[in-house]
Amino acid sequence: MIQPDTSADGGGRTPAEPDFSRLLERLPGFAYQRRNDTNWSADYLSGQFQELTGLPADDLLNKGHAAYSNLIHPDDREKTIQAMRRALAQGGDYSLEYRVNLPDRGERWFAEYGYGVFDDQGQLQRLAGFVSDITQRKQSDRELERSEYRFRQLLEASRDAISVIDLDGRLLDANRAAPQMFGCPDRDSFLKLHPAEFSPDDQPDGRPSRAAAAAAITESYRQGSLEFPWQHKRLDSGETFETIVGMHRIDLDGKPALLVRVSDVSEQLRYEQRLRQLAFEDPLTGLPNRQAALEWLDQQLQRGKGDSLLVLSIDIDNFQWLNNTFGREQCDRLLVTLASALRAQAGSAGLAARLQSDEFLLIIQLRPSATGGNPAQEQEHQIGQVKASLQASLATTPGLPTVLSFCIGSTLHSGDPLARQHLSDAEDLLQQANTALSEARRAGGNKQAIYEPGMDVVIERRLALESRLSQAIAGREFTIHYQPIVARDGRVVAAEGLMRWPQPDGAWVSPGTFIPLAEKSGRIRALGQWLIDSACAQLAEWRGKGLALSHLSINISPTQLGNNADSLRQQLLRAIERHRLPAAMLQLEITESAVLENMTLARQELESLAAAGFRLALDDFGTGYSSLLTLQRLPFDALKIDKSFVQKAEQDGKSRGLVEACVSIAQKLNLDCVAEGVETELQCLLLRQMGCAFYQGYLFDRPLPAAELESHLRSQP
Ligand code: C2E
Ligand code: CA
Ligand code: CA
């Protein structure tokens, strides 16, 4: 209790009313004091107050205010005394926070509040004060401040636009990147805008932006968080750009709000577009490449409208000589000229493609009536026309050789169903045209040949291989070689298992040949089962020997995906159980095309594999059509850049940019990035500079027999 020192003896006491004091005993209260003097004293201290301070009542009771004020931290002391004076003068309530130095307890934070007690005449008699220890709250406040500061720093450093909006979409806060991204001069003017102002009226899928945004806000709030692609617009230029938006529900001082993160992915999408072109289009002539032609042809065959297809494989004679004589640049112009002539020949119903340097493909659709007579005659006629048009194109382009000769191989796919039964797919048709072309070349320059079944050694060889394959699968004639995957420091951290089919003569058939055969003939499941089990057995053995491999990668063929009675997932789970392996030690490589073939199915299956703990890698990245927006929805852990891109990166800047895009896509999606087919120091150096973390290729090692990989791992420090 504090009491003003008014009496002559300096210690006049007001007796505490018994009931009141009992009440006070239960509070950390401490003071009574009479208004008047600058030197006031406590004349009552509750038991709780004494506990709080650890000080005996006698040290403070009726000792003048300094007895207590001296305990207050020097920085807080003056303002506390001033506040008390004011309260005494004005009889008002007061509230303070200050630090005290207590003899036993060190520095503590106290909060004190008090109010005036008045007599019947309305004169202030004393102040009653109550104290509580708020040290803990102060500490957590400070930590919060510190973490809020750190958080703010992080937000400010982010290149993504990060903002907080309320459920009506109004902007409450934003980081520095936000106004920059949306082309707004500064943060203040940015915060005055409604987000609808930096979206185009409609999204690319046709939904009005306003309604779609409102729906996204509601949905994010309901689900807790949501991520979706969104087209935004810059305010200054009106230019639109593609983003990925993440919204997360947060609580802002008791009110629901959303933290919104916008990543600009337009650059990645541009690169993607280029990747796609590079994968499906010949950069020089703009014609589709072999892969794209195959897909187109496949579709035509499946549609099977009954039209006949004439497939021509066209090769320029002596192209090497032309190249040497006229120079590369001139020959490039030649190819471009021929390409446009072929495009014109193909018309809208057909297709022209460039297969290799001087090899073109032309597919022409023939009306049924056209072949009604003699198919061979019709083919001759068409070939004649094509040759004439190619020659004509040369005449109109100055600076090019005026006469050229070509070899042409052709095959006709008649539209009737019987013929279709004999042909399994587009690949076969291309193969036939190619066989005919070889036949024409064998006969010398300026020749043409029409495919006949007898020419077909390749296809026959394939059939023979197919029948041997099923015996080999039954007899388990395969083995696995392991190619190291190394980290930036050169250490082998993982490996990819690649199947090998050894032949009696010591050679082996490449998996590139027999895997597609096994897929086509439906034997891939049995083969895959063997691979899974053998790879797991090997991995378990290495693990038992304490060899440090973070995981082993195996290839999964698209035909192994797809729900059926014995699903891939079950096969895998059985294998890791049998060999007592953690699922995370097995990485499944799946090619882009496999994923894209059946997106819905693949997604379900991949999710269930990921949920079971298996690692997933996207193989041959860059060769398919996958987009960043689809990829980020799939549970991949790693991305493998296709070797064709890695190898081109060395030669030209454009391809280098593409590999860089792959690396940055991996980073964006938080995936491990593995570059395949690294053969030279220079490739490795470039990849390193781009930030690629893992490498695989002949520069480090070829695929090795298990024992060799093992000794390699043992020799690692
Ligand atoms: P992939 O999955 O892209 O495997 C990488 C291929 O690149 C392997 O060819 C490997 O030997 C080769 N390679 C590795 N480093 C280099 C390099 O520095 N330069 C070059 N030029 N090539 C390199 P491989 O073993 O002939 O396999 C070919 C394809 O066969 C594989 O391509 C994969 O798609 C498929 N495959 C292999 N084993 C299996 C398997 O067990 N199951 C399935 N479904 N497919 C498999
Ligand atoms: Ca692979
Ligand atoms: Ca690959």
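Whatever order the structure lists ligands and atoms in, that order sets their numbers, starting from 1. Position 1 is the first residue of the sequence, and the numbers go up from there. Predicted model only: the values in this text are computed from it and were never measured.
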Check: Are the charged groups of Glu589 and Lys640 less than 4.0 angstrom apart, N to O?
Finding: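 Yes, charged N to carboxylate O under 4.0 Å.
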
Around [atom], find the nearest protein heavy atom and jot down its residue, atom name and distance.
{"atom": "atom 24 (P) of ligand 1", "value": "Pro511 CG, 3.7 Å"}
{"atom": "atom 19 (N) of ligand 1", "value": "Glu679 OE2, 2.5 Å"}
{"atom": "atom 3 (O) of ligand 1", "value": "Asp620 OD1, 3.3 Å"}
{"atom": "atom 31 (C) of ligand 1", "value": "Leu498 CD2, 4.2 Å"}

Check: Hey, which N, O or S atom on Asp620 ends up closest to the Ca ion (ligand 3)?
Finding: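 In Asp620, the heteroatom (N, O or S) nearest the Ca ion (ligand 3) is OD1.
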
Test item, [X] contacting ligand 1 (heavy atom, 4.0 angstrom):
{"X": "Glu496", "value": "yes"}
{"X": "Arg500", "value": "yes"}
{"X": "His481", "value": "no"}
{"X": "Gln696", "value": "no"}

Sub-4.0 Å protein heavy atom next to [atom]:
{"atom": "atom 13 (N) of ligand 1", "result": "yes"}
{"atom": "atom 9 (O) of ligand 1", "result": "no"}
{"atom": "atom 16 (C) of ligand 1", "result": "yes"}

Check: Taking atom types as modelled and ignoring hydrogens, do the side chains of Glu496 and Gln483 form a donor-acceptor contact shorter than 3.5 angstrom?
Finding: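 Glu496 vs Gln483: no donor-acceptor pair found between side chains.
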
Notebook entry, point to check: Taking atom types as modelled, is there a side-chain donor on Gln696 or Lys643 under 3.5 Å from an acceptor on the other?
Noted result: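 No, because no side-chain N or O of Gln696 sits under 3.5 Å from a partner of the opposite role on Lys643.
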
Check: CG/Leu301 to CG/Leu309 distance, rounded to the nearest 0.5 angstrom?
Finding: 6.0 Å

Next item on the list: Work out the angle at the Ca ion (ligand 2) between OD2 of Asp619 and OD1 of Asn555, rounded to 10°.
Entry: 90°

Next item on the list: Report yes if some N/O of Asn555 lies less than 3.5 Å from some N/O of ligand 1; otherwise report no.
Entry: yes

Note to self: Suppose we only count N/O/S atoms under 3.0 Å; would Glu676 qualify as near the Ca ion (ligand 3)?
What the structure shows: yes

Notebook entry, point to check: Would you say Gln716 has more than 12 foreign heavy atoms packed within less than 6.0 Å of its CD?
Noted result: yes

Note to self: the Ca ion (ligand 2) and Thr591: any N/O/S contact shorter than 3.0 Å?
What the structure shows: no

